[in-house]
Protein chains: 2
Amino acid sequence: MKKNKRSSLQDIADAVGMTKMTVSRYLKSPTKVSEDTRSKISAAIDLLGYIPNKAPDLLSNAKSFSIGVLVPSLTNQVFAQVIRGIEEITEPAGYQTMLAHYGYSPEIEEKRVEYLLSYHVDGLILSETIHTERTRQMIKMAGIPVVEIMDINHPPIQYSIGFDNIKASFDMTSALIDKGYKHIVYLGARLDMRTKLKLQGYTAAMTKRGLTPQSIMTDKPSSYSLGAKLIVKTLKDYPDTDCVFCTNDDLAIGAIFECQKSNIAVPEQMAIVGFHGHDVGQSMVPQLASVITPRQRIGNLAGETLLSAIDNKLDIIAKDRVFDVGYKINLGEST
Amino acid sequence: MKKNKRSSLQDIADAVGMTKMTVSRYLKSPTKVSEDTRSKISAAIDLLGYIPNKAPDLLSNAKSFSIGVLVPSLTNQVFAQVIRGIEEITEPAGYQTMLAHYGYSPEIEEKRVEYLLSYHVDGLILSETIHTERTRQMIKMAGIPVVEIMDINHPPIQYSIGFDNIKASFDMTSALIDKGYKHIVYLGARLDMRTKLKLQGYTAAMTKRGLTPQSIMTDKPSSYSLGAKLIVKTLKDYPDTDCVFCTNDDLAIGAIFECQKSNIAVPEQMAIVGFHGHDVGQSMVPQLASVITPRQRIGNLAGETLLSAIDNKLDIIAKDRVFDVGYKINLGEST
DNA sequence: AATTGTTATGTTACAGGTAACAATTAAAAT
DNA sequence: ATTTTAATTGTTACCTGTAACATAACAATT
């Protein structure tokens, strides 16, 4: 089943009685070889079935026309949209995306960065601002452009594109307080950096307005069912609660479903708020209050920045390495 | 910013006054070099920061310990779960996943297959049974194991793992008819093969029971909002409708939300049914009726089958190349 | 003292495509 | 007829790690 090795340029060349150089030329710029040769090589390729080989490209220091994209999770729709945004830019420019995920762990991220660099990607997009020391060292050694996305609270390695999670969370909390809520509880899952930043913003807003911050945190991964569990726990631990601010939409939607099951009126008895503005939440009844973040735009900008950096076109932006895309507060129908 | 080339084994070797062969030995099996050399090389690597290089591996015909996984879409949660299932098996076995998507297009799939093969993946998992001629030829030439997943209605290239979309759709439709629904409309989006197979099963069941199959099809990609639009169109085009069978959960959930907005009682006035059994649908109120498919299990089995084939352990299964994982009909609360 | 065994390291060759330069041939210009 | 130019193809060298084999140095055994 697997004996006959795939054919190389040499095999094609032998078949037509020429050198592989000529075959190489045929593939890269057909007009550089004679009409006659062209058709002979074409026939030989049809017969023998040539599959391109990336190995020599990597071996020489040629551009690989591939970029590495690292996201924490593939099940998280937020990143699916970011990826789409990236590829909208990089695909038309001829770059292949090498995608990997690291389950929110800096150690796994390190392994993934090594993996991507071992394939000589021309640039890297990371979804995190926290990295291991070796991750940073490898990136520096590789000497390729890097764009960090999603949060802009840490100084970037090179460029960063995202929004201020602390401020977003602060603003949403303030808006909820303005609307009259007094007992707002923050629900956090998967204790990654962004969850912590949002808690920080929430806490600051509550404290500033003389209210007591209260939170329920778990390191379990987010899911609808976890949202359901957390709202139950909230009602038990903090019976006065009139609003829950969830670290993401999945938790919030799960919480709403649970309230619907238990006949708790949303928002009359319980206001529920999420983060990011997922499609589900925005389409559902009641429409979920959420911090709407421009995921696709982040992807677009990350792609553009990376490509510009790869092409050394970034002297101008060099001073302005952090790009804030902002966010929008939507109080929806669930508050 | 990008002058200093990353260091090669030769650079490390030069730094400690040895040949790169010794450095190579140190990396692969440290005990093969002397204690003294070991610490010197280790120090040099720390200083110069060696990043592994896949190029020579690819160039020689060494196993790459990578597998290619092709999914139609990353935004589709179904495939996110399949991927998780695959990696649960392949990661611990030391294989890296090279992931690519092709937007339901056989032509793009062809490009992606070429891309993956150009990186010498050891095996391939495809989410489709329809491929271009060149895709098939390349796979044959490459001589690597291939597993096709999701549907088992077409004879596989080598192995296939999934379920019978026609039968699943037939069974669900029959169950709906049994429950008393008479005017069931099928809603289809993104007219890929599986949508068509499901329509086929639906049509067969309706016809068999003396009912008139009616469908609304669009080639737009599935989304919640499309589900909303389609239910509106259904009510206009087929006012008698008492049940809609959607080609996937996204459409169904969008339809339910729309009904909730328009005060159409689900299921009393309109029953709504989806396909796959997404978390959202299973958690929501009312719980969505759906064909529950074992996505993660498909991934697990695909991973296991592929690894076995890579290790040439599949003489036994060779006769039994199609694996049916089945499905479950859940009539939920939305019927 | 001569032989064998062991350990550590070195040498050579190879995988496949392409840049850079060289060579050949035919056609065009003097 | 001779030189110039253009078009086409060939040659060489290179990128990097490792398998396979070779060698060196020294310890252990007879």
Side-chain angles (χ1 to χ4, degrees), chain A residues 4-42 44-45 48-66 114-115 117-120 122 141-143, chain B residues 4-42 44-45 48-66 114-115 117-120 122 141-143:
Chain A
N4 51 334
K5 223 175 64 263
R6 53 208 273 183
S7 32
S8 68
L9 284 200
Q10 186 63 62
D11 297 326
I12 308 290
D14 292 347
V16 297
M18 308 221 136
T19 61
K20 55 183 181 164
M21 193 62 233
T22 307
V23 183
S24 171
R25 281 197 192 91
Y26 165 80
L27 289 172
K28 301 208 77 182
S29 38
T31 56
K32 291 278 187 88
V33 304
S34 74
E35 175 63 44
D36 188 44
T37 317
R38 214 178 305 163
S39 59
K40 271 193 281 182
I41 292 179
S42 169
I45 286 181
L48 298 174
Y50 179 70
I51 301 170
N53 187 351
K54 268 280 181 184
D57 273 5
L58 300 195
L59 205 45
S60 56
N61 291 328
K63 254 179 83 168
S64 66
F65 280 96
S66 68
E114 181 181 83
Y115 157 73
L117 292 179
S118 78
Y119 278 100
H120 295 247
D122 292 332
M141 286 305 305
Chain B
N4 51 335
K5 222 177 64 263
R6 52 209 273 180
S7 32
S8 68
L9 285 200
Q10 186 64 61
D11 296 326
I12 308 290
D14 291 348
V16 297
M18 308 220 135
T19 61
K20 55 184 180 160
M21 193 63 234
T22 306
V23 182
S24 171
R25 281 196 191 93
Y26 165 81
L27 288 173
K28 302 207 76 182
S29 37
T31 56
K32 291 276 187 88
V33 304
S34 73
E35 175 63 46
D36 187 45
T37 314
R38 214 178 304 164
S39 60
K40 270 193 283 185
I41 293 179
S42 170
I45 287 181
L48 298 174
Y50 179 69
I51 300 170
N53 187 349
K54 269 278 182 184
D57 273 6
L58 299 193
L59 203 46
S60 56
N61 290 326
K63 255 179 83 168
S64 66
F65 280 96
S66 67
E114 180 180 82
Y115 158 73
L117 292 179
S118 78
Y119 278 100
H120 295 250
D122 292 332
M141 284 306 304

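Computed from a predicted model, the values in this text were never measured in an experiment. Each chain gets a letter, A, B and so on, in the order its sequence line appears, and its residues count up from 1.
- Panel note: side chain R6(B), backbone M141(A); no donor-acceptor pair is recorded below 3.5 Å.
- Using a 4.0 Å cutoff to heavy atoms of chain B, the contacted part of DNA chain D runs 5' to 3' from dT16(D) to dA20(D).
- With sequence neighbours excluded, the residues satisfying side-chain contact (heavy atoms from CB on, under 4.5 Å) with D14(A) are Q10(A).
- Between L27(B) atom CG and L9(B) atom CG the span is 6.0 Å, to the nearest 0.5 Å.
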Set out, line by line, the N/O atom pairs under 3.5 Å between protein and nucleotides 13-20 of chain C.
| unit_1 | atom_1 | unit_2 | atom_2 | d |
| --- | --- | --- | --- | --- |
| dG17(C) | OP1 | Y50(A) | OH | 2.4 |
| dG17(C) | OP2 | L9(A) | N | 2.6 |
| dG17(C) | N7 | K20(A) | NZ | 2.7 |
| dT18(C) | OP2 | S24(A) | OG | 2.4 |

Got a list of side-chain donor-acceptor pairs under 3.5 Å for residues 48-64 of chain A, not counting sequence neighbours?
| unit_1 | atom_1 | unit_2 | atom_2 | d |
| --- | --- | --- | --- | --- |
| N53(A) | OD1 | A55(A) | N | 3.0 |
| N53(A) | OD1 | H120(B) | NE2 | 2.9 |
| K54(A) | NZ | S64(A) | O | 2.7 |
| S60(A) | OG | P56(A) | O | 3.0 |
| S60(A) | OG | D57(A) | O | 3.3 |
| K63(A) | NZ | Y95(A) | OH | 2.6 |
| S64(A) | OG | S66(A) | N | 3.3 |
| S64(A) | OG | S66(A) | OG | 2.9 |
| S64(A) | OG | H120(A) | O | 2.7 |
| S64(A) | OG | D122(A) | OD1 | 3.3 |

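- Pairs of Watson-Crick or G-U wobble type, with distances under 3.5 Å, assemble into runs of 3 or more in DNA chain D at these ranges: C:1-30 with D:1-30.
- At a non-hydrogen distance threshold of 4.0 Å, nothing from residues 29-38 of chain B comes into contact with DNA chain D.
- Pairs of residues two or more places apart, or lying in two chains, that qualify as side-chain hydrogen bond (donor to acceptor under 3.5 Å, both in side chains) and include a residue from residues 22-36 of chain B are S34(B)-T37(B).
- I12(A) CD1 to M18(A) CE: the interatomic distance, rounded to the nearest 0.5 Å, is 13.5 Å.
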